[in-house]
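For the single chain, residues carry numbers from 1 onward in sequence order. In what follows, every heavy atom counts, from backbone to side chain, and hydrogens, waters and symmetry copies are set aside.
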Amino acid sequence: MQSGTTGINTIRIYNPIKNSEEHDEEGLFIKQWIPELKNIPSKLIHEPYNLTLIEQQLYGCEIGKHYPAPIVDLEATRKKASEIVWSFRKSDEVKLEGKKILAKHVNLSKSNLSKTKK
């Protein structure tokens, strides 16, 4: 969960590939816990399912045999999740709750709060 002053209208859907690359650039954690990927070079470790057939043979890791193929399309599921989450913002209940949060944390006067209704 994100904390700080990011605002209440920010929706974050984290990309597991990007997080993996940023926090384990060399893939050391991956190689420690997924021995099937121990021979994969760092630049390919975060998306092993993108290995070419030649690379799979070269590194001894056949996708679908030694390591599973992806079960979800990350971009399609991110888009679907984003659409669902953003659709909640249209709800009157969510709009009201957002105003309550602003009033509590930003100390808006009641006159300013009524202006945010528009």
- prompt: Can you list the steps and then say if Phe29 with Ile34 is a side chain to side chain contact (heavy atoms under 4.5 Å, CB included)?
  reply: CA-CA 8 Å; Phe29 181 87; Ile34 307 173; over 6 Å; no

task: Please confirm whether the backbone N or O of Leu51 pairs with a side-chain atom of Gln56, one donor and one acceptor, at under 3.5 Å?
output: yes

- prompt: When hydrophobic residues are tied together by side-chain contacts of less than 4.5 Å, even through go-betweens, does Ile30 share a cluster with Leu74?
  reply: yes

statement: Between the CD atom in Glu25 and the NE2 atom in His23, the distance rounded to the nearest 0.5 Å is 12.0 Å

task: Write down the atom of Asp73, the atom of Glu75, and the distance for their closest heavy-atom approach.
output: OD1-N, 3.0 Å

statement: Note: His46 and Ser20 closest approach over all heavy atoms is ND1-OG, 2.6 Å

field: Nearest heavy atoms of Ala69 and Ile63, plus distance in Å
entry: CA-CG2, 3.8 Å

task: Work out which heavy atom in Glu55 is nearest to a heavy atom in Asn50; give both atom names and the distance.
output: OE1-O, 4.3 Å

- prompt: Are more than 12 heavy atoms from other residues, nucleotides or ligands located less than 6.0 Å from atom CD1 of Ile54?
  reply: no

- line: All heavy atoms of Glu36 vs all of His66, minimum pair found to be CG-O, 3.2 Å

- request: Starting at CG of Leu53, measure out to CG of Leu58 and round the result to the nearest 0.5 Å.
  value: 12.5 Å

message: Closer than 4.0 angstrom, basic N to acidic O: yes or no for Glu83 and Lys80?
response: no

field: Note: Glu22-Lys18 ion pair, threshold 4.0 Å (strictly below)
entry: yes

- request: Nearest 0.5 Å please: distance from the CG atom of Leu37 over to the OH atom of Tyr67.
  value: 5.5 Å

query: Is the side chain of Ser82 donor-acceptor paired with the backbone N or O of Lys79 at a distance under 3.5 Å, no angle test?
result: no

- request: Quick one: closest heavy-atom pair of Ile40 and Cys61, and the distance?
  value: CD1-CB, 4.0 Å

message: I'd like to know whether Ile45 forms a side chain to side chain contact (heavy atoms under 4.5 Å, CB included) with Lys31, so could you lay out the CA-CA distance, the side-chain angles of the two residues, the decisive distance to 0.1 Å, and finally the verdict.
response: CA-CA 8 Å; Ile45 193 75; Lys31 291 178 180 188; 3.9 Å; yes

- prompt: Taking atom CH2 of Trp33 and atom CG of Leu28, what is their separation to the nearest 0.5 Å?
  reply: 13.5 Å

- prompt: Side-chain heavy atoms under 4.5 angstrom apart, residues restricted to Ile, Leu, Val, Met, Phe, Trp, Tyr: same cluster for Val72 and Tyr14?
  reply: no

